[in-house]
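To find a chain, count down the sequence lines: A is the first, B the second, and so on, and within it residues start at 1.
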Amino acid sequence: MNYWLMKSEPDVFSIDDLKKKKRTMWEGVRNYQARNFMRDAMKKGDKVLYYHSNCKEPGIVGLGEILTDTAYPDPTQFDENSNYFDPKATKEKPRWMLVDVGFVEKFDHEISLKSIKENPELNSMKVAQKGMRLSIQPVDKSHFDKIIQLK
DNA sequence: GCCAACGTTGGC
DNA sequence: GCCAACGTTGGC
């Protein structure tokens, strides 16, 4: 089992949106490293720390899980009307792959980025490093367990 | 809204 | 294949 942190802007798709929808296609990722994690490493049952970014109080707000064992093409890359449209992608040779993410729980209180940086047991997490803007990051089990303790 | 850090693009 | 220019991310 692997552990991940996935960023989402709450204005675009928040933990409450996920709670309402129960599951979602993780569409719109246009970064190769992040794509490769979804395509090559994610497995059904992997746990996901749901992170709100680009907002007033960035931080981990809940828990999700990976629902698919095999990544599949992100449909938005073929949609000319989508912000995520990629003219270089074709159905035969899709460039962007995604997985489905399911809702598990929303934390009673958010674990803010600030508190992660201040916690010596958590401040080595990738998300706390300067300039780290990858939207999908692997998480150490020890870090994951600590977050669950704090939630 | 600013801007540092980073990733991607494209000319050469 | 280098690297300058550009675009994006995301904390603050």
Ion pair A/Asp16/A/Lys20, N-O distance below 4.0 Å: no
Interatomic spacing from CG in A/Asn123 to NZ in A/Lys117 - rounded to 0.5 Å: 10.5 Å
Contacting residues from residues 119-132 of chain A, given that a heavy atom lies under 4.0 angstrom of DNA chain C: none
Look for any protein N or O under 3.5 Å of an N or O in nucleotides 7-10 of chain B and output each such pair with its distance, or none.
unit_1, atom_1, unit_2, atom_2, d
B/dG7, O4', A/Arg133, NH2, 3.2

Whole-Å distance separating the CD atom of A/Glu57 from the P atom of C/dC12: 10 Å
Sub-6.0 Å ring centroid separation between A/Trp26 and A/Tyr50: yes
Audit row: A/Val48, A/Leu63, side chain to side chain contact (heavy atoms under 4.5 Å, CB included) steps and yes/no: CA-CA 6 Å; A/Val48 175; A/Leu63 202 60; over 6 Å; no
Touch class at under 4.0 angstrom, heavy-atom based, for A/Lys114 against every strand present: nothing
Intermediate values then yes/no, side chain to side chain contact (heavy atoms under 4.5 Å, CB included), A/Met38 and A/Met97: CA-CA 7 Å; A/Met38 289 199 283; A/Met97 309 293 275; 5.8 Å; no
More than 12 heavy atoms from other groups under 6.0 Å of CG on A/Asp108: no
Residue A/Lys19 excluded, over 12 heavy atoms near NZ under 6.0 Å: no
Interatomic distance where CD belongs to A/Glu118 and P belongs to C/dG11 [whole Å]: 15 Å
A/Leu150 vs A/Asn119, side chain to side chain contact (heavy atoms under 4.5 Å, CB included): CA-CA, chis, key distance, verdict: CA-CA 11 Å; A/Leu150 293 175; A/Asn119 187 323; 3.8 Å; yes
